[in-house]
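Worksheet: one structure, shown below.
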Amino acid sequence: MNSPEQPLPTFDEVLLCTPQTSAEQVGLFLRRCLIPCPGGDKIYTMLYADELSYDVSCRAEELFQRLQCYNSSYRLIILCNCERENSYLPSAFSHYKVHMIPQRSQAEMQQYLQHHFRVAQPSSSAAAVFKEHMCVGIVSSKRAGMGK
């Protein structure tokens with residue numbers, strides 16, 4: 001985010017973990033991260049790794065230990081909920097823990113995201129619905145099930 005021209009992460013660089021995330025999904029992600037390939041300047045991120053089941057977390061740690069010897073310059077970020085930092089995967093990687101404080105203001109982050117999510121030419125697309133022709137938006141309601 002040092003420059004507005006830096007791209008957003010691609011789909012293969014991010015794994016959004018849930019309790020239903022399988023060991024195979026985590027394994028594929030770790031292989032992309034830890035096995036060297038051309039164009040290896042990517043930063044891989046596992047979001048909500050604390051949500052993984054115990055079995056999947058154990059298998060992920062074992063695979064990480066086996067594969068990390070193939071690539072000493074991997075870039076992997078594991079983000080967890082601080083209230084669940086005692087779950088398996090955050091505990092297994094706790095010696096790598098770094099507490100992060102955002103280096104940019106919220107306004108700067110919003111401007112960066114707006115730069116990347118704005119539709120170039122306003123057309124008859126779903127972007128016409130969202131504020132300032134953004135191709136993404138958040139729709140919420142305090143009342144559940146009201147046809148969002």
Side-chain angles (χ1 to χ4, degrees), residues 1-85 87-94 96-141 148:
M1 206 182 108
N2 291 328
S3 163
E5 302 310 315
Q6 284 181 310
L8 292 168
T10 58
F11 71 93
D12 64 330
E13 293 175 86
V14 178
L15 179 64
L16 180 60
C17 301
T18 68
Q20 291 76 35
T21 302
S22 68
E24 290 76 20
Q25 290 171 306
V26 176
L28 288 171
F29 179 78
L30 288 175
R31 284 180 178 85
R32 280 195 299 263
C33 173
L34 297 169
I35 295 177
C37 63
D41 293 340
K42 295 181 176 186
I43 300 173
Y44 293 89
T45 306
M46 288 178 70
L47 297 170
Y48 303 116
D50 53 295
E51 294 283 328
L52 294 172
S53 70
Y54 180 81
D55 181 51
V56 171
S57 296
C58 290
R59 290 174 64 184
E61 182 194 15
E62 290 170 10
L63 182 61
F64 177 83
Q65 297 301 334
R66 283 198 322 262
L67 294 178
Q68 74 173 346
C69 64
Y70 292 105
N71 186 359
S72 62
S73 62
Y74 65 89
R75 298 191 293 180
L76 174 63
I77 298 170
I78 301 175
L79 295 174
C80 302
N81 181 341
C82 65
E83 294 174 2
R84 292 181 40 103
E85 66 184 347
S87 60
Y88 186 87
L89 209 56
S91 295
F93 289 91
S94 64
Y96 297 110
K97 184 191 290 188
V98 176
H99 290 281
M100 296 297 297
I101 297 171
Q103 299 297 309
R104 303 279 186 219
S105 69
Q106 182 177 358
E108 288 176 305
M109 289 187 263
Q110 287 173 336
Q111 187 176 16
Y112 172 80
L113 292 172
Q114 285 175 352
H115 173 76
H116 287 286
F117 288 127
R118 184 170 284 124
V119 175
Q121 288 290 339
S123 61
S124 57
S125 72
V129 174
F130 295 113
K131 181 180 173 184
E132 299 177 7
H133 299 286
M134 295 290 136
C135 62
V136 296
I138 297 173
V139 178
S140 65
S141 173
K148 293 181 283 295

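Keep in mind it's a predicted model, so treat the numbers as computed, not measured.
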Gap separating the [atom1] atom of [X] from the [atom2] atom of [Y], nearest 0.5 angstrom:
X: Ile77; Y: Thr45; atom1: CD1; atom2: OG1; answer: 4.0 Å
X: Leu30; Y: Leu76; atom1: CG; atom2: CG; answer: 6.5 Å
X: Ile43; Y: Cys33; atom1: CD1; atom2: SG; answer: 10.5 Å
X: Asp50; Y: Leu52; atom1: CG; atom2: CG; answer: 8.0 Å
X: His115; Y: Gln111; atom1: NE2; atom2: CD; answer: 9.5 Å
X: Asn71; Y: Ile35; atom1: CG; atom2: CD1; answer: 9.5 Å

(message) Working note: Val26 + Leu15, criterion side-chain contact (heavy atoms from CB on, under 4.5 Å); need CA distance, chi angles, decisive distance, verdict.
(response) CA-CA 8 Å; Val26 176; Leu15 179 64; 4.0 Å; yes
(request) Applying ring-ring contact (aromatic ring centres under 6.0 Å, His included), name anything that partners Tyr54, two or more places apart in sequence or on another chain. (result) Tyr88
Please find the pair of heavy atoms, one from [X] and one from [Y], that lie closest to each other, and give the distance.
X: Ser87; Y: Ser91; answer: O-OG, 3.0 Å
X: Met46; Y: Phe29; answer: CG-CE2, 3.2 Å
X: Val14; Y: Pro9; answer: CG2-CB, 3.8 Å
X: Glu13; Y: Lys42; answer: OE1-CB, 3.3 Å
X: Leu89; Y: Ala49; answer: CD2-CB, 3.9 Å

Just wondering, do [Y] and [X] contact through their side chains at under 4.5 Å, heavy atoms?
X: Leu113; Y: Leu8; answer: yes
X: Pro90; Y: Cys80; answer: yes
X: Arg59; Y: Glu24; answer: yes

(request) Would you confirm whether Glu108, through its side chain, and Ser105, through its main-chain N or O, come within 3.5 Å as a donor-acceptor pair? (result) yes
State which residues pass side-chain hydrogen bond (donor to acceptor under 3.5 Å, both in side chains) with [X]; sequence neighbours excluded, sorted by chain then number.
X: Asp55; value: none
X: Arg32; value: none
X: Gln68; value: Gln65

(message) Can you confirm whether more than 12 heavy atoms, excluding those of Tyr48, are under 6.0 Å from its OH atom?
(response) no
(message) Per the ring pair (Phe, Tyr, Trp, His ring centres under 6.0 Å) rule, what does the pair list look like for residues 65-84, sequence neighbours excluded?
(response) Phe64-Tyr74
(message) Going by salt bridge (charged side-chain N to carboxylate O under 4.0 Å, His left out), name the residues that satisfy it together with Arg66, two or more places apart in sequence or in a different chain.
(response) none
